[in-house]
Number of protein chains: 2
Amino acid sequence: MTIVKKDKSTEEKILAAAKKIFVQQGMAGARMQDIADEAGINKALLHYYFKNKEQLFEVIFMEAAGRLFPRINEIFLSDQPLFEKIERFCSEYISIVLENPYLPLFVLNEINRDPDYFLGKVWKGRNVPKPEKFLAQIEQEVAKGTIRRISPLNLLMNLISMTIFPFVAKPMFQKNLGLDEWQFRATMEQRKKEIPKFIIDSIKK
Amino acid sequence: MTIVKKDKSTEEKILAAAKKIFVQQGMAGARMQDIADEAGINKALLHYYFKNKEQLFEVIFMEAAGRLFPRINEIFLSDQPLFEKIERFCSEYISIVLENPYLPLFVLNEINRDPDYFLGKVWKGRNVPKPEKFLAQIEQEVAKGTIRRISPLNLLMNLISMTIFPFVAKPMFQKNLGLDEWQFRATMEQRKKEIPKFIIDSIKK
DNA sequence: GTCATTTTTAACCAAATGGTTAACAAAGAT
DNA sequence: ATCTTTGTTAACCATTTGGTTAAAAATGAC
């Protein structure tokens, strides 16, 4: 069995490098030279593969957004009961993001910089989360009396906030609470179960 | 009574302009020329008041951080009972941020870009939030049996996440949930009471 | 092997950008 | 009024940065 440590193709090296630099520095802060250096290639070669910075950025951004949004929809649109959806959302989402802890801040930041660019590019691709069904489901449970009266919008915000925010504020939490990388991961693993429990304890009648 | 529409001093104009541009574009994306234009002055005059971009940025960043962090401490270190603290935190914090909705993302983003710069500058000023007392207080309540067993760290994360995240994700929530400016504000006003209720319903025995 | 195509590089270029200079105007001070 | 200090400007400069060019390797077709 030959151990073929096959070189990643140049394009793959570029994409990995670009992702690292863009996520760290943002579109404005990223330097094409840094991306080339990180990929171990010449800057001209970068432009041979991707004609300009904006196009390269778009590839990275779409890939990042594509990792974060479609799965949400899949869960929100499924036919599971409410509590199961909440559990699934927390668990799956935290798993996804644990592998790319800096994606949410990156994406939110770029959305903030130019909401309409985002709307035009990502939102088009019908992968846009459609929360209506989930919101309606909450209202049904309220009507059935299985959960207390609560504004569906607020419940949705609570769920998403508790799940995502710790990643967005990761460096702050780490500095302020003195968590090392491992402790942070462990805490987030805990939260896969803690958040659903927290929510259900609050709303279940 | 003379209506003296006194011009803001040049320095004030610069600071207002710089805040707007930096918060919108971040340190890397902000252009000194844009700040000068926004302030209605010459670029040289900008350097007359602030010797370079970094120093100007630091003033803006510290002012922003100074708005967000000290009040937290004030609340967390007070001698109020736990539930009151939670209510006060949500209510006061949302009020503060409603006046500057983009500050949290700005600050988190810059912390992320260079956590140690942040640590060195802001964290020094002893306004650094010290959560120990708050965490201990939660443990006491658990011991007393007034609230159910819950990890203090998780509870703190939940509180902060639900309060701050909607601002960080404001453009996303607005696009996705179709909220206009006014509806967003109204929702956040609601949340001043909704979040504490949500938490207390979850943990109170 | 030879030729055509693809990949890679060093050197270069134009525009953008942070920052400076030197002169000019306004405002006090005497 | 004159002089000094402070505020403001247009023009300029050096560096950085995204992007290009033309030539050299490498790869593949025959």
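Reckoned from all heavy atoms, side chains included, excluding hydrogens, waters and symmetry mates.
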Output the rounded distance in Å from [atom1] ([X]) to [atom2] ([N]).
X	N	atom1	atom2	result
His47(A)	dC12(C)	NE2	P	19 Å
Ile14(B)	dG7(D)	CD1	C1'	11 Å
Leu45(A)	dA23(D)	CG	C1'	15 Å
Ile35(A)	dT17(D)	CD1	C1'	12 Å
Phe50(B)	dG18(C)	CZ	P	16 Å
Gln33(B)	dA11(D)	CD	C1'	13 Å
Ile21(B)	dG18(C)	CD1	P	12 Å
Leu46(A)	dT9(C)	CG	P	11 Å

Please tell me if [X] has a side-chain N or O lying less than 4.0 Å from either OP1 or OP2 of [N].
X	N	result
Arg31(B)	dG18(C)	yes
Thr10(B)	dT8(D)	yes
Tyr49(B)	dT8(D)	yes
Tyr48(A)	dT7(C)	yes

Quick one, Ser202(A) and Ile199(B) - any side-chain contact, counting heavy atoms below 4.5 Å?
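Side-chain contact under 4.5 Å: no.
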Side-chain contact, heavy-atom cut-off 4.5 Å: Leu56(A) with Ile35(A)?
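Side-chain contact under 4.5 Å: yes.
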The side chain of [X] lies closest to which of these nucleotides: [options]?
X	options	value
Ala44(A)	dT20(D), dG19(C), dT20(C)	dT20(D)
Asn42(B)	dG18(C), dT9(D), dG19(D)	dT9(D)
Ile41(B)	dT9(D), dG19(D), dG18(C)	dT9(D)
Lys53(B)	dG18(D), dG18(C), dT9(C)	dG18(C)

Would you mind classifying the nucleic acid contact of Ala30(A) as base, sugar-phosphate or nothing, using non-hydrogen atoms under 4.0 angstrom?
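It contacts sugar-phosphate atoms only.
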At 4.0 Å (heavy atoms only), tell me whether Ala36(A) reaches a base, stays on the sugar-phosphate, or touches nothing.
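Touches nothing.
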Does Lys43(B) contact dG18(C) through a side-chain donor or acceptor facing the base, at a distance under 3.5 Å?
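A donor-acceptor contact between them is present.
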Test the Lys170(B)-Phe184(B) pair against the cation-pi criterion, namely NZ or CZ under 6.0 angstrom from the six-membered ring centroid and within 45° of the ring axis.
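Cation-pi check for Lys170(B) and Phe184(B): passes.
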Does Lys175(B) come within less than 4.0 Å of Asp116(A), counting only side-chain N to carboxylate O?
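Counted as a salt bridge, because a side-chain N and a carboxylate O are separated by less than 4.0 Å.
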Looking at every heavy atom in both Leu98(B) and Met188(B), which two are closest together, and how far apart are they?
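Closest approach of Leu98(B) to Met188(B), heavy atoms only: CD2-CB, 4.2 Å.
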